Chemist: 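Supplied in structure tokens, the structure appears directly below.
In this text, all values refer to a predicted model and were calculated from it rather than measured experimentally. Start at 1 with the first residue, then count along the sequence.
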Amino acid sequence: MSPAGGFEVPLWRAVAVFRFASLGYVCVLVLRDYDRYAHPFAAAAVLLVMLAWTVVAAAGYARPSWRRFPLLLADLGVVLGILLVTPWVVGREALAAGVPTLAVAWLGGPVLAWAVSGGRRRGTVAALLVGAADLATREQIGDSSFTGPILALLAGVVVGHVARLAATAEERLQRAVELEAATRERERLARDIHDSVLQVLALVQRRGADLDGEAGELARLAGEQEAALRALITAPEAGAGPPTGADLDVRTLLGRYASAGVSVSAPATPVPLPAPVARELAAATGAALDNVERHAGGRAWVLIEDEGETVTVSVRDEGPGMSQERLDEAARQGRLGFAQSIRGRVGDLGGAVRVHSAPGTGTEVELVVPRSAG
């Protein structure tokens, strides 16, 4: 958790207010029960120590760089020390008669500080230590003796949970701000590139498309670079996907295959899949495009469809097409590129591969993967 988090600042201020308010309550109780203490002057000295430490702790936790274990341990140690000297200062007989301990509600300060700094677990640890020390000051433990420790435990758990939620919200807000800034800069660069580089490359590709020799080759290269650059500036941001780190956006993975000969069409919103599933689907798509380049030539079109329970990737070409018997014959002859690289990968994910082709009509390969795969 970020100690300097903006959302945590109000929590640290609330802890400081709680310390001073609970100290005021302690002062009222000490004045009320002063004549019943075994060592009244020692109680006054302890009260001064509590006042001094309240000021030190409030000033220390106000600095993000000080919110570390040295201050947290010292905070907890001061409270534990006050609880342990309570039987001597107040007296066992007075405690048995119902006189409160010296710390009373003030002992919740380190519990709240630990909870804000480290979440529920730290808050629970501090509450258990403080509660055990509070019970150790009592000779007779009854049902009412557990009220203070239980309240401290609940405070540590609840405040720790709220602090964790605040830190998570701040991290997500920071990512959203960074993504918005990056998106704006990307759009600005895209406008500049579109007005200059892309137009020049497109012009070179159009003017040289019908030329032979090196001029035609340069035109072809210019067309490929235009397609690659256009895909780069229009590809979805990596950070635009779901917040969980276990998913990848299929659009980002398949967008890398875009070129002058390959058009990639995708939804405007992210298409998340578990990372291993997304990579295998991308590899199967790459194998399908390799087959297009080797056997069909010409252009290829890749379409990504998010159908809720499944994700479908279609690879279509304008080649000579083929019959189903040709695929079966290739598998019998040991040419397992399609069977293993495409059908095998998708089959391992629990998906299906559908081939639509006929001689003279081109080929379309559909890769269907369930979202629950992996």
Side-chain angles (χ1 to χ4, degrees), residues 1-23 53-80 103 105-132 148-186 236-249 252 269-270 272-275:
M1 298 176 63
S2 174
F7 285 5
E8 291 183 5
V9 172
L11 294 178
W12 287 112
R13 291 176 179 171
V15 172
V17 172
F18 171 82
R19 287 178 183 274
F20 284 101
S22 59
L23 180 62
W53 182 251
T54 299
V55 175
V56 171
Y61 287 124
R63 301 182 179 183
S65 60
W66 284 26
R67 299 168 191 164
R68 300 290 187 270
F69 270 113
L71 181 58
L72 292 170
L73 292 174
D75 193 10
L76 187 61
V78 170
V79 172
L80 294 178
W106 191 78
L107 58 80
V111 175
L112 298 179
W114 279 54
V116 173
S117 67
R120 296 186 300 270
R121 293 182 181 178
R122 282 193 191 178
T124 301
V125 170
L128 292 176
L129 292 175
V130 170
I150 290 177
L151 290 177
L153 180 61
L154 292 176
V157 172
V158 173
V159 174
H161 181 66
V162 172
R164 176 63 66 179
L165 291 179
T168 302
E170 183 180 15
E171 292 174 0
R172 292 181 177 178
L173 177 61
Q174 182 64 25
R175 286 200 299 268
V177 171
E178 294 175 353
L179 177 60
E180 182 180 5
T183 301
R184 290 181 178 179
E185 179 64 14
R186 187 188 189 95
E237 292 284 346
T244 169
D247 289 349
L248 289 178
D249 191 350
T252 303
T269 56
L273 279 178

Chemist: Could you tell me the separation between the CG atom of Leu71 and the CZ atom of Arg63, rounded to the nearest 0.5 Å?
Modeler: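 The CG atom of Leu71 sits 11.0 Å away from the CZ atom of Arg63.
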
Chemist: Tell me which pairs pass salt bridge (Lys or Arg N to Asp or Glu O under 4.0 Å) where either residue lies in residues 108-120, with sequence neighbours left out.
Modeler: none

Chemist: Can you measure from CG (Leu248) to CG (Leu273) and round to the nearest 0.5 angstrom?
Modeler: 8.5 Å

Chemist: Excluding sequence neighbours, so at least two apart, what forms side chain to side chain donor-acceptor pair (under 3.5 Å) with Trp106?
Modeler: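 Trp106 satisfies side chain to side chain donor-acceptor pair (under 3.5 Å) with Thr54 only.
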
Chemist: Where is the tightest heavy-atom contact between Trp66 and Gly60, given as atom of each residue plus distance?
Modeler: CB-O, 3.2 Å

Chemist: Taking all non-hydrogen atoms of both residues, which atom of Gly108 and which atom of Phe18 are closest, and how far apart?
Modeler: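 Taking Gly108 first and Phe18 second, the nearest heavy atoms are C-CE2, 3.7 Å.
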
Chemist: Before giving the answer on side-chain contact (heavy atoms from CB on, under 4.5 Å), spell out for Val9 and Arg13 the whole-Å C-alpha distance, their side-chain angles and the decisive distance to 0.1 Å.
Modeler: CA-CA 6 Å; Val9 172; Arg13 291 176 179 171; 3.6 Å; yes

Chemist: State, yes or no, whether a side-chain contact exists between Tyr61 and Val116 at a heavy-atom distance under 4.5 Å.
Modeler: no

Chemist: What closest approach, in Å, do Arg164 and Gly118 show between heavy atoms, and which atom pair accounts for it?
Modeler: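 Residues Arg164 and Gly118, closest heavy atoms: NH2-O, 3.8 Å.
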
Chemist: Will you find, in the side chains of Gln174 and Glu178, an N or O donor that is under 3.5 Å from an N or O acceptor?
Modeler: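 Note: Gln174 and Glu178 side chains meet the donor-acceptor criterion.
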
Chemist: So, using side-chain contact (heavy atoms from CB on, under 4.5 Å) as the criterion, who are the partners of Ala105 when residues are at least two apart?
Modeler: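 Applying side-chain contact (heavy atoms from CB on, under 4.5 Å) to Ala105 gives Ser22.
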
Chemist: I'd like to check the side-chain contact (heavy atoms from CB on, under 4.5 Å) partners of Val125; sequence neighbours left out, ordered by chain and number.
Modeler: Trp114, Leu129

Chemist: Report the residues that fulfil side-chain contact (heavy atoms from CB on, under 4.5 Å) with Leu151, sequence neighbours left out, ordered by chain and then residue number.
Modeler: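 Applying side-chain contact (heavy atoms from CB on, under 4.5 Å) to Leu151 gives Thr147.
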
Chemist: Could I get the full list of side-chain contact (heavy atoms from CB on, under 4.5 Å) partners for Ala58, not counting sequence neighbours?
Modeler: Ala16, Phe20

Chemist: Return the OG1 to CG distance between Thr168 and Leu173, rounded to the nearest 0.5 Å.
Modeler: 12.5 Å

Chemist: What closest approach, in Å, do Arg19 and Ala113 show between heavy atoms, and which atom pair accounts for it?
Modeler: NH2-CB, 4.0 Å

Chemist: Go through the structure and list residues passing side chain to side chain donor-acceptor pair (under 3.5 Å) with Thr124, not counting sequence neighbours.
Modeler: none

Chemist: Can you see which heavy atom on Ala62 is nearest to which on Arg67, and at what distance?
Modeler: O-NH2, 3.7 Å

Chemist: Locate the shortest heavy-atom distance separating Leu153 from Ala127; write the atom from each residue and the value.
Modeler: CA-CB, 3.5 Å

